[in-house]
Amino acid sequence: MSTTPTPGADPCAEPARSGLGIDALRRGVLDNLVCLQARTPGIATPQDWYMALAYSVRDRMLARWAATIQTYAARDLRVACYLSAEFLIGPQLGNNLINLGIEDNARAAMRALGQDLDELLALEEEPGLGNGGLGRLAACYLDSLATLEIPSVGYGIRYEFGIFNQVIRDGWQVEVTDLWLQNGNPWEIVRPNVNYYVSFGGRTEMWHDEQGRLRVRWLPARMVKGVACDTPMPGFRVNTCNTLRLWKSEAIESFDLQDFNAGDYYQAVQEKVISETLSKVLYPNDEPEAGKRLRLAQQYFFVSCSLQDMLRLLDLKGEPIARFADMFTAQLNDTHPAIAVAELMRLLVDERLLPWDEAWDITRRTLAYTNHTLLPEALETWGLPLFSRLLPRPLEIIYEINRRFIDEVRQTFPGDEARVARMSIIDEAGEKKVRMANLSTVGCHAVNGVAALHSTLLTQTVLRDFAQMWPERFHNVTNGVTPRRFMLLGNPGLARLLDETVGEGWVTDLTRLRKLEAHLDDPAFLEQWRAVKRANKAVLAERIRHVTNVIVDPDTLFDIQVKRIHEYKRQHLNALYIITLYQRLRRNLEQGSVPRCFIFGGKAAPGYTMAKLMIRLITGIAEVVNNDPVTEGRLKVVFYPDFNVKNAQCIYPAADLSEQISTAGKEASGTGNMKFMMNGALTIGTLDGANVEIREEVGDENFFLFGLTAEQVERVKREGYRPAHYVEGNAELREVLDLIAGGHFSRGDSQVFRPLVENLLHADPFLVLADYADYVACQARVSEAWTDAARWTRMSILNTARSGKFSSDRAIGEYCERIWNIDPVSIGLDRESAE
Ligand code: 26Q
C-alpha cells in the first residue's frame, strides 16, 4: 500500500497512514480528523482529536495485522484460541502507543496540533467486557501472546453493555448503564462477511442419508447470526499483531418463514429482536439470578461461532479435518465456554460426518480447561429442562459422552456407584443438572488451576475423583499479569528508574528486576525510589480529591484493597480493623500508630445484598472517621468509586500496602496482588491463592502474613465454627461489633448493618472473626515497619525486584510448553507491506 504523494510535498516524507515519525503522525491525525470525522481543526472537540489519533494509531497497526493474519493462514502452524466469555482489555490508546513504541512521537505530534496527549488518553471509555480477575487475565494473556509472537486468537462476545458503572449515592452503590459504544469504537473492525449461523431450540430427528448412514438432524426453532468484530492486539515492539475476535449477534436476514414460524411476519420480527438481544449485556458474577436462559444462549452462541470459524480457517488452508487438533488448540477460560466439548463433537459428527471415536479424539486433543474457583457454589450447572429446550442436540451429545464416560469409570472403579454419581456429567440428585466442570474435565486433555495452592486443592476437592482417574491431565499454571500495562503504562516514573538501573530489557524479561538488589545500599537510588512512590501517591491523592472530595495526605501510609466486593475477599475484616484503630485513636491508646489512608475500590454484583452492605459499611466508616477531628492527620478512609482497568492503572503505583486477606482456600489466585507487588507495595495477606508464591519469592521477612491456613480453616469448619468464642475473648472486637450494630456508622440507624453483624456472629462461612485478632496484630507489625522508612523502602524495592515470576509472559510460556505445544512464529514485514 502506498499513498499518492501530495503535490509539493516532500517526496522523502513518511506516508501519513503508516509513518511512525512525528510529522507523519501529525499529518495522519489531520487526515483522519478531516476525512473520517468530517471536522476541521478549528471546530474539533477533544473527543474528535482523540478519535483522529486513535484512528491514526490503528492505521499504523494495519500492515502488521495483515502480515500476521497472512502468516498464520499460509504456514503450517498451530494456533492457540483463547475462548473466554470476558475480555477486560482496558483503554487501548495508551497501550497501543507503548507497544508500537510511538508514545513520545504521538505526544509531540499532538502538541504540534495544540493538543495534550494525557488529556486525550483520559477521554477513552474502556470496554468493560468482564467482571474482574478472569476477564482481566484473558486480556493480559492476549498481550503476552502477541509479545511472545505466539500464533493466537482471542474469541469472545461483543457485549453492547459491559459491566455497569458504579456510582456511590448516600453511601450506597448504584449501578449505571455502561455506554462504552456511545461515541463509537475506533479500535474495532466489523467484518459482516465473517459470519456464522447458530441454532437454538426446536427438536432433533434421525434420518438415513443416501449412503444409508444413520444421521441426526437438528430442526431448530430459531437461528441467530454471529458477526465478527475484530480488535487488533499488537505485541510489545514486535511485528506480531494478533486478533481479538468478538461475536455480535444479529437476526438472519432471509428468514424462511415457512419453515420456522408458519408465515407469521410479526413473529419473525419478534425473533429478530430476540436474536439481537443475545450479545446485549454482560452478566455479573455472584448473581443469584445468573442462571438465566440468556446466559447459556450467550455461551453457546460465541462458542459455536468460534469453532465454526476455526473449521472455516482449516478449510481455507486446504487441510483435512483429521488435522484439526494439529492446527488448533482451544483454551477454555473457566467453564463458561465448556459447551465447546459438545459443540465440537456436533460439528465433527453431524456436519463433517466423522465417526464418533475419531471426533472424540480430535475434540479431546484440541481442548484444555482452566478452572478459576474452588467455591462449590460457584461451579456452573444448568438445569436439564432449560438445557434441553434451548440446546436439544448438544444435550443428546452430552448424554452420549456421559454414557461412554460412565462405562469407563465403572471399568476403572468397579462397584463404586457413589463415585459414578459424583463424576457423572449429569447431576441426577434432585432437579437434574448438567455439570459444566465435569463436562470440561472429561472433554479436555488438560485441566489446570491458576496458582500452586489452588491446583493442589483442586485435585483434593472439587475434581478429586477425576484427578484419581487421570492424574496426568492435571497441571498448575500460576497466573501472571502484563508489565506493559501495569508498570510501563501505569507507572512511567518507576519504569524510567528501572530502565536507568537495570536496563530496558526488564519489560519483556521481568526476572531481570532481580538486578535491583545490587542497588539496595545505594542511598541515591533509595531516594529516587521513594520519590517515585511519593509522586504516584500525590497523583492518586489528587484523583481522590477530584472524585470524592476527600483530602488525603500523600505522606501517610496508603493501605489499599481494590477488587470485586465479596464476603470471601473479606473487605469487612479490613473495615473491622479500621474501626479498631479509630477506637484506639479516640482513646489515645494507639502508641505505635502511624498515619494511614485506607483506600477501597470494587463493584458488588447488583443482586448481592451482603456485598452492597459491605460497601455501605465502608462509606459509613469513611463518613464518621473523615469528619472526626480526633483522627485529623492520622486516619482517612476512601471508597474510590467505579474501580475499573483505567482507574486501577493509577491506583497500584500509589500503594504502600496491598490487602490480600481472603479466607485461605477461597481465592483461586488473585492477580491484583501481583500488580501491587510489581509496583513496590508490600503485602498483608493470608496463605491463599498466589499469595503463597508471592511470599515464597519475596521472602517471609518481606511479607506480612496472618490468619488460618486453608487446612486450619477446614478443620475449624469441621469441628464447628463458633464466632462467639472469638468475641468472648476479645473486648475490643466486641466493642467494634457493638458500634456497627448500634448505628454509629449508619447515622444512628441500628437496622442497616444488622444482617452484616448477625452474619459475622452466626453464619459466616468465611471466618472473619476467627482471623480478626491475628490480623490486628499483623497490622501492628506493618505500622512498626513503616516507622523505619529505610527498612520499608528496602522491602518495597525487594517486592518489585522479586516479582519477575508474576509476569504473564512466564505464564503464557508455560501454557505454550506444557499444555499447547506451540512455538513462536516471527512475523516478517517487508518494506512494501510496512507502507
Ligand atoms: C457464571 C455464570 C453466570 C453468570 C456469570 C458467571 C461468572 C462470571 C464471571 C462467574 C465467574 C466469573 C469470574 C470469575 C473470576 O474472575 N475469578 C477469578 O479469576 C482470577 C483469574 O484466574 C483469579 O485470580 C481469582 O482468584 C478468581 O476469583
Side-chain angles (χ1 to χ4, degrees), residues 82 84-88 128-141 156-157 159 162-163 281-300 302 331-339 369-383 386 433-437 440 448-455 457-458 476-482 562-570 602-603 605-608 645 660-676 685-686 688-694 806 808 811 815:
Y82 200 82
S84 177
E86 308 192 357
F87 285 93
L88 205 41
L129 310 187
N131 274 286
L134 167 146
R136 181 55 231 176
L137 184 77
C140 283
Y141 283 179
I157 303 172
Y159 301 104
I163 185 83
V281 63
L282 165 78
Y283 281 98
N285 57 352
D286 310 320
E287 273 289 326
E289 264 298 274
K292 290 243 177 67
R293 176 186 152 86
L294 196 58
R295 166 88 187 176
L296 180 59
Q298 285 182 336
Q299 296 183 349
Y300 182 64
F302 97 86
Q331 191 68 32
L332 310 182
N333 199 20
D334 214 299
T335 53
H336 314 155
I339 191 67
Y369 157 51
T370 306
N371 172 290
H372 297 262
T373 186
L374 289 165
L375 304 181
E377 69 274 19
L379 291 178
E380 224 180 350
T381 59
W382 296 102
L386 162 72
K433 295 187 191 92
V434 184
R435 295 164 164 157
M436 303 309 266
S440 307
N448 75 282
V450 289
L453 174 69
H454 171 237
S455 298
L457 293 176
L458 206 53
N476 171 248
V477 181
T478 298
N479 283 167
V481 303
T482 174
V562 285
K563 50 181 79 234
R564 286 298 290 252
I565 311 292
H566 200 295
E567 289 165 275
Y568 87 75
K569 295 179 188 280
R570 302 200 295 191
K603 296 175 186 178
Y608 188 173
V645 179
Q660 306 300 336
I661 60 177
S662 51
T663 316
K666 303 298 175 195
E667 187 71 89
S669 161
T671 42
N673 47 4
M674 303 169 184
K675 296 164 196 167
F676 278 113
T686 48
D688 199 16
N691 296 353
V692 176
E693 290 155 84
I694 286 178
F806 305 104
S808 43
Y815 277 102

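Start at 1 and go down the list; that is how both ligands and their atoms are numbered. Because the structure is predicted, anything quoted here is derived from the model rather than measured.
The shortest heavy-atom distance from Gly689 to ligand 1 is not under 4.0 Å. Within the structure, ligand 1 lacks Lys292 among the residues with a heavy atom less than 4.0 angstrom away. Ligand 1 lies within reach of Tyr568, whose nearest heavy atom is under 4.0 Å from it. A heavy-atom separation below 4.0 Å is found between Pro284 and ligand 1. Put simply, no part of Arg564 is less than 4.0 Å from ligand 1, judged by heavy atoms.
On a distance-only criterion, Ser669 and ligand 1 share at least one N/O pair closer than 3.5 Å. When only interatomic distances are considered, the shortest N/O to N/O separation between His372 and ligand 1 falls below 3.5 Å. At a 3.5 angstrom cut-off on N or O pairs, Gln299 does not count as close to ligand 1. For a threshold of 3.5 Å applied to N or O pairs, the pair formed by Ala668 and ligand 1 contains at least one separation below that value.
Remark: ligand 1 atoms within the under-4.0 Å shell around heavy atoms of Glu380 are 2 (C). Within the listing of ligand 1, atoms 8 (C), 9 (C) sit less than 4.0 angstrom from a heavy atom of Asn131.
Of the N and O atoms on the side chains of Thr370 and Asn333, not one donor lies less than 3.5 Å from an acceptor on the other residue.
Selection from Val481, Leu134, Asn371 by nearest heavy atom to atom 18 (C) of ligand 1 gives Leu134.
Tyr608 places a side-chain N or O within donor-acceptor distance of the main-chain N or O of Glu567, the cut-off being under 3.5 Å. For Asp688 (side chain) and Gly665 (main-chain N/O), a donor-acceptor pair under 3.5 Å exists by modelled atom type. With hydrogens and angles ignored, the 3.5 Å screen pairs a side-chain donor or acceptor of Arg564 with a backbone N or O of Asn131. Proximity of a side-chain donor or acceptor of Glu86 to a complementary backbone N or O of Gly133 within less than 3.5 Å is not detected. Between the side chain of Ser808 and the backbone N or O of Thr482 there is at least one donor-acceptor pair closer than 3.5 Å.
Between Leu458 and Leu374, the closest side-chain pair of non-hydrogen atoms falls below 4.5 Å. Looking only at side-chain heavy atoms (C-beta outward), Asn691 and Glu667 stay at 4.5 Å or farther from each other.
For His336 and Phe302, the gap between ring centers reaches or exceeds 6.0 Å.
Contacts of Arg295 with ligand 1, taken as heavy-atom pairs under 4.0 Å, involve the side chain alone. For Asn479, every heavy-atom contact with ligand 1 shorter than 4.0 Å involves the side chain, none the backbone.
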